[in-house]
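Quick notes on the structure that follows.
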Amino acid sequence: MENVFLNKKKHNEFSWENLGNIKEGRGDLGEEMPVLVYRLMQYTMLDVLSKEMGLDRANEYFRDAGFLAGTEFAKHALDLKADFSAFVANLQKALEDLKIGILRMEAFDPETGNIVLTVGQDLDCSGLPITNENVCIYDEGFIAGILEAYTGKKYDVREVDCWASGDRVCRFNGTAS
């Protein structure tokens, strides 16, 4: 049987338009939902994928999905032609408006493209119990996708601090290649 998810010419390939008209479709309920519902979907999906293929492989899928989401988000919700300062300000506003988190740029090296940023009140993990691990794998991909869409460079983004590891913000290092 053919895997339709691997065939890019099939009708079910992700596209921004497939997100639909949320305002129209959710008239009375609106566009927002509790973080609990988002996390319920995310962590049950991670649990099922981890049991089927192992945590490392499941994390790869989550990172890849985050990358696709970040790339599409950047293309459709951000001004990719803005100078760096304006781009960062636009990204900060978008993430806060969508209640994804509060972005703070800690460091950026214009020569290498390497970046350090934090996300406070992160959608994925703020408030989780401390497990001494970094859990924002999807965010790693999401940030890498945004950065690649803006710069045209590939990024390897890794979380170095996380609420679940005992920190109050998620800190990400992005290395451009």
Side-chain angles (χ1 to χ4, degrees), residues 14 16 19 22-23 26 29-51 54-79 84-108 114-151 155-176:
F14 178 82
W16 192 259
L19 296 176
I22 298 168
K23 283 184 183 181
R26 290 183 49 90
L29 293 177
E31 296 180 77
E32 295 181 17
M33 66 173 195
V35 172
L36 171 74
V37 176
Y38 169 81
R39 287 187 184 173
L40 185 62
M41 181 202 62
Q42 180 183 28
Y43 289 114
T44 57
M45 188 175 301
L46 181 60
D47 182 65
V48 169
L49 290 173
S50 295
K51 287 175 182 169
L55 182 59
D56 290 342
R57 188 76 174 131
N59 281 339
E60 286 179 44
Y61 284 128
F62 263 63
R63 193 175 288 110
D64 290 349
F67 179 84
L68 177 58
T71 301
E72 293 298 315
F73 177 77
K75 288 178 186 175
H76 293 91
L78 301 172
D79 180 2
F84 185 72
S85 293
F87 174 77
V88 170
N90 184 272
L91 177 58
Q92 287 172 318
K93 182 172 179 1
L95 294 180
E96 191 166 344
D97 287 351
L98 292 171
K99 299 182 179 173
I100 294 170
I102 300 171
L103 176 72
R104 187 173 139 247
M105 190 67 52
E106 288 193 345
F108 176 70
N114 294 346
I115 195 165
V116 178
L117 55 87
T118 63
V119 179
Q121 300 180 42
D122 187 288
L123 179 63
D124 285 353
C125 73
S126 292
L128 287 180
I130 295 175
T131 60
N132 297 316
E133 60 187 335
N134 295 340
V135 299
C136 299
I137 306 301
Y138 182 89
D139 289 357
E140 291 175 347
F142 188 74
I143 293 165
I146 290 169
L147 293 173
E148 184 174 321
Y150 178 68
T151 67
Y155 271 84
D156 180 35
V157 174
R158 293 295 180 238
E159 184 180 35
V160 295
D161 295 316
C162 182
W163 184 287
S165 69
D167 293 287
R168 290 296 182 216
V169 295
C170 297
R171 180 169 287 104
F172 299 90
N173 288 345
T175 306

Inset, instruction - Output all residues satisfying side-chain hydrogen bond (donor to acceptor under 3.5 Å, both in side chains) with N59, sequence neighbours left out; order by chain, then residue number. - result: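 Partners of N59 by the side-chain hydrogen bond (donor to acceptor under 3.5 Å, both in side chains) criterion come out as none, since no residue qualifies.
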
Inset, instruction - Could I get the full list of side-chain hydrogen bond (donor to acceptor under 3.5 Å, both in side chains) partners for K51, not counting sequence neighbours? - result: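 Only D47 meet the side-chain hydrogen bond (donor to acceptor under 3.5 Å, both in side chains) criterion with K51.
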
Legend entry - OH (Y61) with more than 12 external heavy atoms under 6.0 Å: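 No, because the 6.0 Å sphere around OH of Y61 holds 12 heavy atoms or fewer from other groups.
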
Inset, instruction - Please step through side chain to side chain contact (heavy atoms under 4.5 Å, CB included) for the pair F108 and V88, ending with a clear verdict. - result: CA-CA 11 Å; F108 176 70; V88 170; over 6 Å; no

Let me confirm one number: the [atom1]-[atom2] distance from [X] to [Y], rounded to the nearest 0.5 Å.
X    : Y    : atom1 : atom2 : value
L117 : I143 : CG    : CD1   : 5.0 Å
L40  : Q42  : CG    : CD    : 10.5 Å
T151 : I146 : OG1   : CD1   : 11.5 Å
Y43  : S50  : OH    : OG    : 11.5 Å
Y38  : M33  : OH    : CE    : 8.0 Å
S126 : R39  : OG    : CZ    : 6.5 Å

Aromatic ring pairing [X]/[Y], orientation class (parallel under 30°, perpendicular over 60°, tilted between):
X    : Y    : value
Y138 : F142 : parallel
Y150 : F84  : tilted
W16  : F73  : tilted

Inset, instruction - Could you tell me whether the side chain of V169 reaches within less than 4.5 Å of the side chain of D161, counting heavy atoms only? - result: no

Legend entry - Minimum side-chain heavy-atom gap E106-T118 below 4.5 Å: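 Yes, close enough: below the 4.5 Å cut-off.
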
Donor-acceptor contacts under 3.5 Å from residues 92-100 side chains, at least two apart:
unit_1 : atom_1 : unit_2 : atom_2 : d
Q92    : NE2    : L103   : O      : 3.1
K93    : NZ     : D97    : OD2    : 2.6
K99    : NZ     : E32    : OE1    : 3.4

Inset, instruction - Take V119 and D139 through the side chain to side chain contact (heavy atoms under 4.5 Å, CB included) test and state the conclusion after the steps. - result: CA-CA 10 Å; V119 179; D139 289 357; 5.6 Å; no

Inset, instruction - I would like to know whether R57 and L49 meet side chain to side chain contact (heavy atoms under 4.5 Å, CB included); could you show each step before the answer? - result: CA-CA 8 Å; R57 188 76 174 131; L49 290 173; over 6 Å; no

Where [X] and [Y] come nearest, the two heavy atoms and their spacing:
X    : Y    : result
V157 : G174 : CG2-CA, 4.0 Å
I115 : Y155 : CG2-CE2, 4.2 Å
A176 : N114 : N-OD1, 3.0 Å

Legend entry - Residue pairs, two or more places apart or on separate chains, that pass salt bridge (charged side-chain N to carboxylate O under 4.0 Å, His left out) and touch residues 114-136: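 Applying salt bridge (charged side-chain N to carboxylate O under 4.0 Å, His left out) to every pair that reaches into residues 114-136, excluding sequence neighbours, yields nothing.
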
Legend entry - Pairs meeting criterion salt bridge (charged side-chain N to carboxylate O under 4.0 Å, His left out) with involvement of residues 64-73, two or more places apart: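 Matches after skipping sequence neighbours: E72-K75.
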
Inset, instruction - Say whether, by atom type as modelled, one donor and one acceptor occur between the side chain of N134 and the main chain of A164 under 3.5 angstrom. - result: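 Judged by distance alone, no pair lies under 3.5 Å.
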
Inset, instruction - Using the test salt bridge (charged side-chain N to carboxylate O under 4.0 Å, His left out), find all partners of R168 that sit at least two apart in sequence or belong to another chain. - result: none

Legend entry - Within 45° cone and under 6.0 Å: R63 NZ/CZ vs F67 ring: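 Geometry flag: not set, cation outside 6.0 Å or 45°.
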
